[in-house]
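So the structure is just underneath, and the comments pick up after that.
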Amino acid sequence: MKKLAFLISILFVLSLSIQAFSMPQVIKPTGDKYNIIDNFIKHMTIEEKIGQMLMPSIRYTDGTHVGEVSGTPVTQMVPELKNMIQKYHLGGVILFAQNVQTTEQTTKLTNDIQKASLKIPMFISIDQEGGLVYRLQEGTQLPGNMAIGATGSTDLAYKNGQVVGSEIKAVGINWNLAPVADVNVNPANPVIGIRSFGADSDLVSKMTIAYMKGEQSEGVAACLKHFPGHGDVAIDSHLGLGVVNKDRDTLDKVELKPFKDAIAAGADAIMTAHLSFPALDDTKVTMKAPDGTVEEITIPATLSHKILTDLLRNEFGFNGVIITDAMNMKAISDNFGPIDATVRAIKAGADIVLMPMDLDGAYNELIKEVKDGTIPESRIDESVKRILTLKLKRGIMKFPEENVEESINNAKSIVGSERNLSIEKETAQKAITLIRNDNSILPIKDPDSSKKILVIAGTQFRTTTYLSQIQKYHPQNNDSLIVSDSTLNSNKDLSDQEKSAIDKADIIIVATNNMTNQDNQIIKMLDYGKGKTFIFIAVRNPYDLMYYPNVDAYLAQYGWNTCNLNAAIDVIFGAINPSGKLPVAIPGLYDIGYGLSY
């Protein structure tokens, strides 16, 4: 059976005669891959077709089942995983950080996952965005999308896509659920922020396309998210259902533009958003909340035929794969039953349902509804055709080589390679944005060795990383004080320890993360340490400056990976000249495109 499946996949890739599949139709001389796929679909069972449309998580196993259950992380093939793949004829799975511990282990796992498939090679997907959302435990840890946006370089966006594509492809992952194409116009956005390239739709479009093409150049399928746009919400879809109340004209100019432009540039796949967009679909549905109360909500995009089929398919002309966001998010799970949500998504126009909460129930219900005619089999065929077309396009219709050791050695030569690390460093350094530099406090050049530098950076990791980089420029008289992000963001009085540390320091570097409180401890530090040199760094969102706008020196680094942290210190000590420009506006203070240099 396995040898036959392997032969079939090779025939797919080489576009050989359709007779090799024991099918009656002869392929056209042009080798039209759609004819191959159409004929292949004719010989698939309904069960096999439905399996292609489901992509569960395999994060944990409890010894009986695999999925989003608590238990032991799945880091190798286990009987329950193999059984799940074969029982449901799965077309793909998604991996999380719990699944990918080392390069060698991940390569073995993905190899075994593919070998477990009975007929068609699988999508093995992951969220490897860079910046905040990074799954691989080894390799290059890129600074993230907003850092790329701050560089203003489509060349670097393309190279970042190449880095991600090369590393996940090397370990056997063939589909990256990235890049984020959302335009982050809301400073209070709780879930996107620096995952976005910025707040200007033209900038986001250019960076999204470049990054996408970089991934595709490595033979990896790319996926834009989260359609129709997740950049202007105040609710995290993991926690609840958000509503984007904008008119169609505004949506076209902002949220929809990057998606529409990327479709024209050859987008492989698009992920849906669990958000309501009344201007696109104002359909009301009555739902029963977890507490038993009944409420009326506007249907979310993931379940909307008007948004997925009428808008995305018909109006925008998108012929690629539509995949839902994870169906265990509360925006869906709190309002719809697990089986009902999956069926609604398919009827709306989704091709793949990501992380269905009840895999067995959804699988059997979909089969039942196809067999009794509730869902036309032709509708399922449309999705399977798009899925197999993408697999063929990205070289996925081929099972892995038997020699897994050769694959491991190849992966080790690519993951965290010198070339990839150089792109990581260059991007991080060119992203650093100098926003304030009153009295030319920066750069600190040839610092007096007697001066004491104090670092307050929210976490032990950040503090240690900053101090390590400072040692390159100022080896002596450095100190640190761990004050948590939550404490810095509170209006607590300074402790005696904090006051003492400030008293002893000449230069104080304070790194903040997601400030939300106008009356915060930062203000108290500035008041207490008058006369001291304060240098502030926004670790994550550059919007922090809104909460202490009168500081003398302020930089944005757009992420907390080591490369972001090191680059900020390089700028502070003048090793590099800051060249980053704000990809978002800081309300009431600075516009998009602002940035100083030395």
Side-chain angles (χ1 to χ4, degrees), residues 429 432-485 487-513 515 520-540 542 544-545 547-557 560 562 564-578 580 595-598:
Q429 289 185 335
I432 301 298
T433 306
L434 180 60
I435 302 172
R436 294 286 294 269
N437 192 23
D438 293 355
N439 303 315
S440 298
I441 289 175
L442 299 178
I444 301 173
K445 288 191 173 181
D446 303 317
D448 185 342
S449 61
S450 67
K451 288 187 178 295
K452 190 168 188 175
I453 297 176
L454 171 67
V455 175
I456 304 173
T459 68
Q460 184 68 59
F461 170 75
R462 283 182 233 144
T463 303
T464 301
T465 304
Y466 281 134
L467 283 174
S468 177
Q469 192 73 349
I470 288 171
Q471 289 292 326
K472 298 178 181 180
Y473 307 104
H474 186 63
Q476 300 175 336
N477 291 317
N478 301 319
D479 197 6
S480 66
L481 178 67
I482 304 299
V483 182
S484 70
D485 290 329
T487 298
L488 287 173
N489 202 23
S490 73
N491 61 0
K492 293 180 180 178
D493 290 333
L494 298 182
S495 67
D496 291 341
Q497 182 186 19
E498 289 161 357
K499 290 178 180 178
S500 176
I502 293 171
D503 286 338
K504 296 173 185 177
D506 299 291
I507 300 170
I508 304 165
I509 297 174
V510 183
T512 64
N513 179 55
M515 301 297 291
N520 56 63
Q521 203 175 51
I522 301 297
I523 303 299
K524 293 181 172 63
M525 287 183 177
L526 288 166
D527 288 341
Y528 183 80
K530 281 183 179 176
K532 306 280 185 177
T533 298
F534 277 92
I535 302 166
F536 281 80
I537 305 171
V539 170
R540 185 172 170 176
D544 284 5
L545 185 58
Y547 298 97
Y548 41 92
N550 298 319
V551 299
D552 291 332
Y554 186 83
L555 301 96
Q557 67 180 41
W560 52 46
T562 300
N564 306 85
L565 302 169
N566 288 343
I569 298 301
D570 289 338
V571 167
I572 286 173
F573 285 91
I576 56 175
N577 191 353
L596 304 173
S597 59
Y598 297 147

Step through the shown structure and confirm whether more than 12 heavy atoms of other residues, nucleotides or ligands are within 6.0 Å of [atom1] on [X].
X      : atom1 : answer
Lys451 : NZ    : no
Asp527 : CG    : yes
Gln471 : CD    : yes

**Message:** For a side-chain contact (heavy atoms from CB on, under 4.5 Å) check, start with the C-alpha distance between Lys532 and Leu454, then their side-chain angles and the critical distance, and finish with the verdict.
**Reply:** CA-CA 11 Å; Lys532 306 280 185 177; Leu454 171 67; over 6 Å; no
Below 4.5 Å, heavy atoms only, C-beta onward: do [X] and [Y] meet side chain to side chain?
X      : Y      : value
Asp552 : Phe534 : no
Ile535 : Ile444 : yes
Ile572 : Ile537 : yes
Pro447 : Phe573 : yes

Using only atom types and a distance under 3.5 Å, with no angle test, would you say the side chain of [X] pairs donor to acceptor with the backbone of [Y]?
X      : Y      : value
Asn520 : Ile523 : yes
Ser500 : Gln497 : no
Lys492 : Gln521 : no
Asn437 : Ile441 : yes
Arg462 : Trp560 : no
Tyr554 : Leu545 : yes

For [X] versus [Y], what's the shortest heavy-atom pair and its separation?
X      : Y      : answer
Ala556 : Ile435 : CB-CD1, 4.0 Å
Ala511 : Val539 : CB-CG2, 3.5 Å
Asp506 : Ser450 : OD2-O, 4.1 Å
Ile432 : Ala568 : CD1-N, 3.7 Å
Gly529 : Ile502 : CA-CG2, 3.9 Å

Interatomic distance, [X] atom [atom1] to [Y] atom [atom2] [nearest 0.5 angstrom]:
X      : Y      : atom1 : atom2 : result
Asn550 : Leu526 : CG    : CG    : 9.0 Å
Ile456 : Leu481 : CD1   : CG    : 5.0 Å
Ile470 : Ile453 : CD1   : CD1   : 5.5 Å
Tyr528 : Asp503 : OH    : CG    : 3.5 Å
Ile569 : Asn564 : CD1   : CG    : 12.0 Å
Leu488 : Tyr547 : CG    : OH    : 15.0 Å

**Request:** Please report the C-alpha distance between Lys504 and Asp479 in whole Å, then the side-chain angles of each, then the deciding distance to 0.1 Å, and finally whether the side-chain contact (heavy atoms from CB on, under 4.5 Å) criterion is met.
**Result:** CA-CA 9 Å; Lys504 296 173 185 177; Asp479 197 6; 5.6 Å; no
**Request:** Would you please name every residue forming a side-chain contact (heavy atoms from CB on, under 4.5 Å) with Asn477, sequence neighbours left out?
**Result:**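 Residues passing side-chain contact (heavy atoms from CB on, under 4.5 Å) with Asn477: Lys452, His474.
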**Request:** Go through the structure and list residues passing side chain to side chain donor-acceptor pair (under 3.5 Å) with Asn577, not counting sequence neighbours.
**Result:**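 Applying side chain to side chain donor-acceptor pair (under 3.5 Å) to Asn577 gives none.
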**Prompt:** With Thr512, which residues qualify under side chain to side chain donor-acceptor pair (under 3.5 Å), at least two apart?
**Reply:**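 With sequence neighbours excluded, Thr512 shows a side chain to side chain donor-acceptor pair (under 3.5 Å) to Asp544, Tyr548, given in chain and number order.
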**Message:** Run the side-chain contact (heavy atoms from CB on, under 4.5 Å) test on Tyr473 and Asp570 for me, step by step, so that the C-alpha distance in whole Å, both residues' side-chain angles and the decisive distance to 0.1 Å come before the verdict.
**Reply:** CA-CA 9 Å; Tyr473 307 104; Asp570 289 338; 2.5 Å; yes
**Request:** Quick one: do Asn478 and Val455 satisfy side-chain contact (heavy atoms from CB on, under 4.5 Å)? Show the steps, please.
**Result:** CA-CA 8 Å; Asn478 301 319; Val455 175; over 6 Å; no
**Prompt:** Is it true that Arg540 and Asp485 make a salt bridge, defined as a side-chain N closer than 4.0 Å to a carboxylate O?
**Reply:**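 Looking at Asp485 together with Arg540, the answer is no, because their closest N to O distance does not fall below 4.0 Å.
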